[in-house]
2 protein chains.
Amino acid sequence: MLSDIEIANAAELRPIRDVAAETLGIDEQHLVPYGRYKAKVDLGYLSSLADRPLGRLVLMTAISPTPPGEGKTTTTVGLTDALHGLGHRAMACLREPSMGPVFGMKGGAAGGGYSQVVPMTDINLHFTGDFAAIAAANNLLAALIDNHIHHGNELDIDVRSVTWKRVVDMNDRALREVNVALGGRANGFPREDGFDIVVASELMAIFCLTESWADLKKRIGDIVVGYTRAMAPVTARELKADGAMAVLLRDALAPNLVQTLEGAPAFVHGGPFANIAHGCSSVTATRAGLRLADYVVTEAGFGADLGAEKFVDIKCRKSGLRPDVAVVVATVRALKYHGGVALADLGTEDLGALEAGMANLRRHLNNIRHVYGVPCVVAVNRFPTDTEAEVEKVVELVAAEGVRAYPATHFADGGTGAHDLAKGVLQAIDEPSPYEFSYTYPDDLPLAEKVEAIATRLYGAGHVTWDAKARRRLQRIERDGFGELPVCIAKTQYSFSTDPGLVGAPSGHELHVREVRLSAGAGFVVVVCGDMMTMPGLPRDPSAARIDLADDGTILGLS
Amino acid sequence: MLSDIEIANAAELRPIRDVAAETLGIDEQHLVPYGRYKAKVDLGYLSSLADRPLGRLVLMTAISPTPPGEGKTTTTVGLTDALHGLGHRAMACLREPSMGPVFGMKGGAAGGGYSQVVPMTDINLHFTGDFAAIAAANNLLAALIDNHIHHGNELDIDVRSVTWKRVVDMNDRALREVNVALGGRANGFPREDGFDIVVASELMAIFCLTESWADLKKRIGDIVVGYTRAMAPVTARELKADGAMAVLLRDALAPNLVQTLEGAPAFVHGGPFANIAHGCSSVTATRAGLRLADYVVTEAGFGADLGAEKFVDIKCRKSGLRPDVAVVVATVRALKYHGGVALADLGTEDLGALEAGMANLRRHLNNIRHVYGVPCVVAVNRFPTDTEAEVEKVVELVAAEGVRAYPATHFADGGTGAHDLAKGVLQAIDEPSPYEFSYTYPDDLPLAEKVEAIATRLYGAGHVTWDAKARRRLQRIERDGFGELPVCIAKTQYSFSTDPGLVGAPSGHELHVREVRLSAGAGFVVVVCGDMMTMPGLPRDPSAARIDLADDGTILGLS
């Protein structure tokens, strides 16, 4: 089979204005083109659709993943192509990839095989400049903070308690911990600082949770950048940064329209981390999609314990959106992994391990149905090493849980490989749901109890413990009036616990909270459990070394 | 009179595809649109024009400026509009503005008054993403350097001698001097580092001096990022960074087409600093302009001692381009400033100071004609405080030098305010030139003598002195085989000397070289004289605080 970039480069793309007109009925005048194959859809036009009924929302989530991933984006694209191919007005809403992993290890994030969004190289690189705009606005605020301190520090900001970090869209471990403003009087007051990758920034989360310029500016103004020496929060508004930052994000806020390899429309817009942020593409794109299409398939990051939880408890809570059905991507590989098989041995048939690993998927299915109250189906994303017996076993094990599972081969076959899955999704949407949609916890629960609700109801944890400093920070946040915010748990995606090696469905474990951070503009409190990487590093042999530009401009080696 | 942004926001822009078709004969299929009013022109199409005869090249330069500036960009636009209005196929080639000054003090850089390029807010902010692409490629190389050191340092890079800095497109003094890779083993080897503003990067200079993807990749590969412990240069090619960096700059290399307020075409592409780099917009844009139009007006940064010198000795030398005529922008204000009047008193008539200040302009006129061998005219860019007597006096003083001066009111009146200037420029082009074009020094002169040639022939300096370290570095650069490169002098733009307070035409002063830097990819050796700021700071009251976004998306407060 050809590589992702070979397939993408060989594809004949249609002009995006034709895709917009024919699949979504959008006239060219409402598009802001970025080249011939990418366009932003005008926000004014999208507002004019406010009276349209909303389509049905399909949430793509997953089993706790293996390190190589289970193909959630690929399945989102495959399902969209299947619905599109079956004659439905369907579209995908995906996250924008970060450039960091592109040059590091993971490669691109625009789907794979014959289920990709294109133009693949554009989407994986600068795309329409949204991430650069977010970085610029983020770093303007950082510069204004240090500039304020330098020129007299009227607000009495404590240099030891500045929490706002600078960002780059790059894997660069050397920037994790830095000292800035060295070199004497002219360069400001020295302090300890650090850089995050753009996708880990609060501004990325804000960008993905806002739906208007006015709300964008308001949320930016609410950002708490640090504290005074008297420990009062200092906001971006007090630094008069909100207007200029909103200006920098003005154009970026309109969702980006591209196409799948099979010509279905897709919004690719915003891309917050699923640990320190909520891991979902923009509300703007999702709502726009629901007004333009009958079916919107959108993914949430990581497994259903993290991505789907945040989709429900943060994105849905703040936007009023509701998923009609969840698709849980599972693979034979991941099930065996959760049954205790080592990563290197996942290509070997092992029905016993598969059955043992079902414990992980079972808990996710129960959480989705009985905690979030959302009906679900399972997509078995097939890999070449899967045996027929294994795939049949998965379907059977899932059926025993009262859920239908659909093997799908969209990676190799495109949309037709997901026709059964699409029909199953449509059936689940059309059936009356036996569940009632619900958040995991109410707004007015104290922050610590929100964490406990997630830990015990979703993760199977026995109890929650706190670093003393984290506990104090939590109290400070509640005292400052942010106790009604939802929490955003940052923990490993590989386990229900905070130990990435604890596969399957661990129970009674301890959830230890190491750190608490306020994202007042985004409107959530980040609760850090275990190690959390907000600035990845490059590997020993980074993919950057294999990426090349031919003399004729062809891009080579992106994967 | 309305503010720049009020004028720009009130303008009725024409679709860029119509401007391209009607003014330059470019079919829509050769444009890569970025919205309706900006487009990149396809590089393949531009290559297909290689056989076309070139138009005439007008170099816009200036007297040594006052701190508020003399309106070189504004005059470039005004002259282009005048030529366009007189029925000629003319276009402007301008530098892209940096966002740093937009949020700092200077404001935007897309012309002013009724001589602007539009869309003004787009051009001053993200535009088509070129600067973000340059920053990403620059910072990828930086990450690869520290990553290489972290993973075993096979090339034996000396962490004390890494010269490649990270960049942001922001005025951020806190990043001038930083320590990176702190925090322990996982974060790499700690070292001293610093950030420059994007426009001060070698990569920006490379971007503006290359004309093909192959040459771009070659120049990037040639970049010397630092030295081994045995003091051997380490290149970006050895780090396998050249391919991925070229990929990041692939699309940016095509020039950006916009329009003036009067509908004339303009390329706005690339924007290197005029001190640490050569201060001219891209060769790609200039050559494309000369193939598409009969007259191309392009500006070089700072005064004619810096910008025009680098235009001739770096941009022309490397590209083979030749200016047909130079326009020297002078103002009554600048002449009085060089006659000793304080900045605050420049609004008061003072014919004596004007005459004394003529010494500065006289030296520039002589340099341009007798050193570079380029015929020239003077544009007297009128300010409201100029008296008629003062303007007449300038014309008379310039005439005494054998040069024609044309008062122009394009800021207030648009292109018609520069009709006389345009006719004068056309006359100068049509007259046989009594001068012969020449570089200030030949390639094979030793580097130190190149600096002496510039200092004594152009600056009126008596002699050149060197910091011992700078002298040693120069010797090292020659030993490493870079002795044939041109030099790029970084010094204040306010004086022929290195003392910004030494106005007029100082003579016999000392030019002291503080530092020498190799830009092996760009192909020049930077010679730093006096203080040089490669990362500006924000002022006490930054313009960011006045920039705002209205609820309807209107951008306010940009100047």
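Below, chains carry the letters A, B, ... as their sequence lines are ordered, and counting in each starts from 1. For the numbers below, each heavy atom of this structure counts, side chains included, while hydrogens, waters and symmetry mates do not.
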Choice from G537(B), A550(B), G243(B), G152(B) maximising heavy atom contacts with chain A below 4.5 Å: G243(B)

Minimal non-hydrogen separation, E28(A) against R36(B), with atom names: O-NH1, 4.2 Å

Taking every non-hydrogen atom, the tightest pair across N139(B) and M170(A): O-CG, 4.1 Å

Atom pair OH (Y34(A)) and NZ (K40(B)), whose distance is rounded to the nearest 0.5 Å: 13.0 Å

F195(A) and F195(B) aromatic ring geometry - parallel, tilted or perpendicular at 30°/60° bounds: parallel

Any donor-acceptor pair under 3.5 Å from R250(B) side chain to L549(A) backbone: no

Contact class of P539(B) relative to chain A, heavy atoms under 4.5 angstrom: backbone

Structural part of P542(A) lying under 4.5 Å from a heavy atom of chain B: side chain

Side-chain heavy atoms of E177(B) within contact of V180(A), under 4.5 Å: no

D531(B) CG: over 12 foreign heavy atoms closer than 6.0 Å: no

Choice from G129(B), A246(B), G188(B) maximising heavy atom contacts with chain A below 4.5 Å: A246(B)

CH2 on W213(B) to OG1 on T554(A), rounded to 0.5 Å: 8.0 Å

Region of D541(B) that comes under 4.5 Å of a non-hydrogen atom in chain A: neither

Region of Q29(B) in contact with chain A, defined by heavy-atom distances below 4.5 Å: backbone

L538(B) CG to L140(A) CG distance, which is reported to the nearest 0.5 Å: 7.0 Å

Pairs of heavy atoms under 4.5 Å with chain A: top-ranked of A135(B), S212(B), A186(B), A132(B): A186(B)

Chain A contact via V247(B) - side chain, backbone, both or neither, heavy atoms under 4.5 Å: both

Spacing of D551(A) atom CG and L216(B) atom CG [to the nearest 0.5 Å]: 11.0 Å

Interatomic spacing from NZ in K240(A) to CG in D548(B) - rounded to 0.5 Å: 12.0 Å

Nearest atoms (heavy-atom pairs only) where H151(B) meets R540(A): O-NH1, 3.1 Å

Under-4.0 Å salt bridge between R166(A) and D172(B): yes

Atom group of L125(B) that falls short of 4.5 Å from chain A, counting heavy atoms: side chain

Residue N171(A) versus chain B: region with a heavy atom under 4.5 Å: backbone

D242(B) versus chain A, the contacting section by heavy-atom distance below 4.5 Å: neither

Best-contacting candidate, G553(A), A136(A), G44(A), against chain B by heavy atom pairs under 4.5 angstrom: G553(A)

Residues R173(A), N147(B); criterion side chain to side chain contact (heavy atoms under 4.5 Å, CB included); working and verdict: CA-CA 8 Å; R173(A) 71 171 63 73; N147(B) 190 58; 2.6 Å; yes

Max heavy-atom pair count under 4.5 Å with chain B, selected residue of L558(A), V178(A), L31(A), N179(A): N179(A)

D169(B) portion near chain A, given a 4.5 angstrom heavy-atom threshold: neither

Most contacts with chain B, counted as non-hydrogen pairs under 4.5 angstrom, among V32(A), I547(A), L182(A): L182(A)

Structural part of H148(B) lying under 4.5 Å from a heavy atom of chain A: neither

Between R176(B) and N187(A): side-chain donor-acceptor atoms closer than 3.5 Å: yes

Check: L248(B) main-chain N/O paired with H126(A) side-chain donor or acceptor under 3.5 Å: yes

Side chain, backbone, both or neither of A241(B) within contact of chain A (heavy atoms, under 4.5 Å): neither

